[in-house]
Amino acid sequence: MATRQASNDGIDDLLNRLSKATTQITRATEKQAREADKQLKRLLDRGEASTERLIKAIGKEMQTQISGLRRELRDVERRVSELRTSLTKERGSKPAPAKQPVTRKPTVKRAVKKAPVKKAPVKKAPVKKAKVKKKVSATA
């Protein structure tokens with residue numbers, strides 16, 4: 001009976017140790033899952049912040065490029081108007097009239113006369129005389 005009691009105590013002890021080990025593994029797994037979630041959240045936040053900075057930088061660069069293009073366009077417009085005024089001064093007081101679009105008259109198709117086709121002269125073949133067969137009579 002003592003051995004039975006000892007084997008029951010051994011099984012109970014083993015079950016207790018297994019229970020404690022399972023609890024420790026569960027806690028460690030939960031802790032790792034929480035840490036992984038925190039790390040993932042940090043990475044996502046960092047990615048969002050980087051994306052926002054990139055978007056702002058691109059927007060700023062686009063504004064700079066657009067304002068530069070506007071300045072260049074104004075400069076080109078100014079040069080064109082200066083050229084226009086200098087050309088009108090050279091030609092006289094009246095500016096050159098705007099060109100009218102070219103309109104084409106409808107073309108009339110004329111009948112084309114074809115040269116008469118000359119026929120080649122027909123060559124006449126020499127007339128062949130028909131051979132006359134002589135009848136050979138058998139008189140003998």
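Below, all heavy atoms of this structure are taken into account, side chains as well, without hydrogens, waters or symmetry copies. Because the structure is predicted, anything quoted here is derived from the model rather than measured.
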- Do Glu61 and Gln65 have side-chain N/O donor and acceptor atoms under 3.5 Å apart? yes

- Task: Quick one: pull up CG in Leu44 and CD in Gln39 and give me the separation to the nearest 0.5 Å.
- Result: 10.5 Å

- How many angstroms lie between CG in Leu15 and CG in Asn8, if you round to the nearest 0.5 Å? 10.5 Å

- Message: If you apply the rule side chain to side chain contact (heavy atoms under 4.5 Å, CB included), what do you find for Glu90 with Leu87, and how did you get there?
- Response: CA-CA 5 Å; Glu90 287 178 9; Leu87 286 175; 4.1 Å; yes

- Roughly how far apart are Thr29 OG1 and Arg34 CZ, rounded to 0.5 Å? 10.5 Å

- Message: Using the side-chain contact (heavy atoms from CB on, under 4.5 Å) criterion, which residues pair with Lys20? Sequence neighbours excluded.
- Response: none

- Query: Looking at CG of Asp13 and CG of Asp9, how far apart are the two atoms once the value is rounded to the nearest 0.5 Å?
  - Reply: 8.5 Å

- Task: Heavy atoms only: give me the nearest Thr23-Ser19 pair and the separation to one decimal.
- Result: OG1-O, 2.8 Å

- Message: To the nearest 0.5 Å, what is the distance between CG on Leu73 and CD1 on Ile66?
- Response: 12.5 Å

- Within one Ile-Leu-Val-Met-Phe-Trp-Tyr cluster: Met62 and Leu54, side-chain cutoff 4.5 Å: yes

- One should read off an interatomic distance between Leu40 CG and Glu35 CD, to the nearest 0.5 angstrom, of 13.5 Å

- Task: With sequence neighbours excluded, tell me which residues meet salt bridge (charged side-chain N to carboxylate O under 4.0 Å, His left out) with Glu82.
- Result: Arg78

- Message: Under a 4.0 Å threshold between the charged nitrogen and the carboxylate oxygen, would Asp75 count as salt-bridged to Arg71?
- Response: no

- Message: I'd like to know if the side chain of Ser50 pairs up with that of Arg53 as donor and acceptor (distance under 3.5 Å, no hydrogens or angles considered).
- Response: yes

- Message: Does Arg42, at its CZ atom, have more than 12 non-hydrogen atoms belonging to other residues, nucleotides or ligands within less than 6.0 Å?
- Response: yes

- Task: Please lay out, stage by stage, how Lys41 and Asp37 fare under the test salt bridge (Lys or Arg N to Asp or Glu O under 4.0 Å).
- Result: CA-CA 6 Å; Lys41 188 175 182 328; Asp37 284 342; over 6 Å; no

